[in-house]
Structures are given as C-alpha cells and as structure tokens.
Number of protein chains: 2
Amino acid sequence: MKILVLILGSILFLPGAMAATVAPAPNGIEMPQGYRNWRVIGVSHRSDNHTLRAILGNDTAVAAARAGRTLPWPDGSILAKLVWKDRTHPAWMTATVPGDFVQVEFMVKNAAKYKDTGGWGFARWKGMDQKPYGKNAQFVQECFGCHTRVSNNDHVFTHPAPLP
Amino acid sequence: MKILVLILGSILFLPGAMAATVAPAPNGIEMPQGYRNWRVIGVSHRSDNHTLRAILGNDTAVAAARAGRTLPWPDGSILAKLVWKDRTHPAWMTATVPGDFVQVEFMVKNAAKYKDTGGWGFARWKGMDQKPYGKNAQFVQECFGCHTRVSNNDHVFTHPAPLP
C-alpha cells in the first residue's frame, strides 16, 4: 500500500503532469488548448502599465477578423491576449520589446451563455505558472467594467490590424 | 484579334489576378506564401519611426524559437515582420495600437546562399499593394547595415518572447 501511494504520488507530481494541468478560472472557463499556435489579429503597447501585447484568435475569430465581420464577433470566437512587461531593446534604444511574461487573457464569445457580460466569458492566467486570476467568479466584473467603454465595438478593444 | 486582346486584357487586370501576383524583391527573393498564418515570435514598438510590429515565423523558425535554438537560427528559418503605423486607441489613451499597414519584411536563413549578409536574405514589400522595396539588389546593404549591430545574435533583433 505504501509503495502504491509512493508510485501514485510520483506520477501525480511529475513536472510534465503538473505543466499539462492548468486549473480553470474561478468562473469555470478552462484554458483554451493550443492558443500559442493561434494567428495574430493585433498588437498593442500600454504605457500605463508598461506592457506589450499580442492579440491572437482561434480559427473562428481569425476568419471573422479577416472578413471584417466583428460587429458582433460570431459565437465560438476566442481572443487571446499575451502580455509581457516592456523593456528597451538592448541594441536599439528606441525599440520596446517583450520582457518577462505577465499573463494570458481570453475572451470567449457565447452570446447566450455570457449574456450578462456582453456575450463574452472572461478568463486570465497569470505568470509562467499560469495561476488562475480571481478569488471567485465575480472577478469578471473587473474585466467587464473596463470593457463596457467599448460596448459599441462588441466590448472588444482590439480592432483587427490591416493586412494586405 | 481585337476581341482576343480585350479578353486577355480583362483577365490580366482582374483585381484578383493582380493581388495573387506580387513581384519579387530586386535580389530575387519571392514573397513567402502564407506568412499571414505564421505563428507569433515577438512584438515591438519603435518610437523613432512610430511603428508597431508583429514578428512571425515559419514552422522551422517557430520550432527553433520555442526550443531556444536560435544561435544560429537553422537554415530554412524565415522571419516575417509586419509593420503598422502606431496610433492611440480611441477608447484607451495610454494604449498604442496598429494604424495603417506600412510594410512586411522578411529574413530568410540560408547560411551558404547568403553568406555575404550574415547568412540571411532580406526582402521587404511596402504598403497594401505590396510593392517590392529597393532599386536593385544592393538594397540589402541598407538592411544589413543596421543588422550588423546584432551580429552577436545571429544578426536578428528579435529575441523570442517568453511563453508559458
């Protein structure tokens, strides 16, 4: 019995097994799989909190962005925002580039399911260890509070960047 | 004969046909296909020329970046830099976001073929009409002139942004 516990313990705490298991957000949203491979929709630089961002989308979101059909974004769209602290490029003083990874944030479109927050579910995982943000499900009020100022853009700050 | 000329003329000048044919760079580099769907390696913001950038890579480049094997980048790596004029977000004054598309730039790694320019072939297409940059093949000296300052980083400014 002791041996079985030791073996099970070893399996459960293998670094690989740990990395594969990211806890869901307090509102139940699971981290979307494969977001690191999604395509880019936009970028941004915020001087208030000194961060650089890449905004990616899943296939549904990218198709909508490229077709110019984002008012509203279709159900099934997921936007991912990768956030890094900004820093000066060591060899180009007027270039700002990513430093430490801060967090990844998601907006998940489901007009019916998330009707109380503009049709979007919000979730955020902080740091390289991807810790879910928020003490309880009410954390989304903080997200939605800012996003209401872009209610005329389907509550999305990102305007897809033009591409040839 | 007149009718044949008219028909051929119509086909040649269809907007779709025009868009599909982008002239090669003056050094012979053809625009890499499908770069809009490549994955993100980094982002940057330049205050000297007021541009925001997304740096994407083909599969070879992304695999190298994620494995931390970029000194040197392997042959076959292609880096794409999408460049937009920066602008203030209309609803968030401290956020800078993409405005007009400026250009797309590429670095193509082939240590033997491009040995005179650090193992990299350079190419740039400007504007939404993707006009090749440079009067003749010597335009690469302008590219390489700046990139020599990062010769200790395989002539690449981009340091892949950390991801969990």
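We name chains A, B, ... by the order of the sequence lines, and we start the count at 1 in each one.
Residues B/L52 and B/F106 fall within the same hydrophobic cluster, defined by Ile, Leu, Val, Met, Phe, Trp and Tyr side chains chained together at heavy-atom separations under 4.5 Å. Under a hydrophobic-cluster definition in which Ile, Leu, Val, Met, Phe, Trp and Tyr are linked whenever side-chain heavy atoms come within less than 4.5 Å, directly or via other members, A/L56 and A/M107 are assigned to different clusters. Under the 4.5 Å side-chain heavy-atom criterion for ILVMFWY residues, no single connected hydrophobic cluster contains both A/V40 and B/L79. Note on A/I41: it does not cluster hydrophobically with A/V108, by side-chain heavy-atom contacts below 4.5 Å among ILVMFWY residues. Hydrophobic clustering places B/F101 together with B/V22 (ILVMFWY residues linked when any side-chain heavy atoms are closer than 4.5 Å, directly or through intermediates).
Using a 4.5 Å cut-off on side-chain heavy atoms (C-beta onward), B/R46 and A/H89 make no contact. Side-chain contact between B/V150 and A/W92: absent, with no pair of heavy atoms (C-beta onward) separated by less than 4.5 Å. B/H159 is listed as a side-chain neighbour of A/R87, based on a closest heavy-atom distance under 4.5 Å.
With a 4.5 Å cut-off on non-hydrogen atoms, A/L82 touches chain B through its side chain but not through its backbone. For A/I55, no part sits under 4.5 Å from any heavy atom of chain B, backbone or side chain. With a 4.5 angstrom heavy-atom cutoff, A/R66 touches chain B only via side-chain atoms.
Contact record, B/V43 with A/A54: CG1-CB, 3.9 Å, taken as the closest heavy-atom pair.
Contact tally against chain B (heavy-atom pairs below 4.5 Å) for A/P160, A/P90, A/G127, A/S44: the top residue is A/S44. Across A/R53, A/R149, A/M93, the residue that shares the most heavy-atom pairs under 4.5 angstrom with chain B is A/R149. Most heavy-atom pairs under 4.5 Å with chain B: of the set A/H45, A/M128, A/R36, this distinction falls to A/H45. Comparing B/P162, B/A91, B/S47 by how many heavy-atom pairs each has under 4.5 Å with chain A, the most go to B/P162.
To the nearest 0.5 Å, the span separating CH2 on B/W38 from CG on A/N37 amounts to 15.0 Å.
Heavy atoms from other residues, nucleotides or ligands lying under 6.0 Å from CZ of B/R69 number 12 at most.
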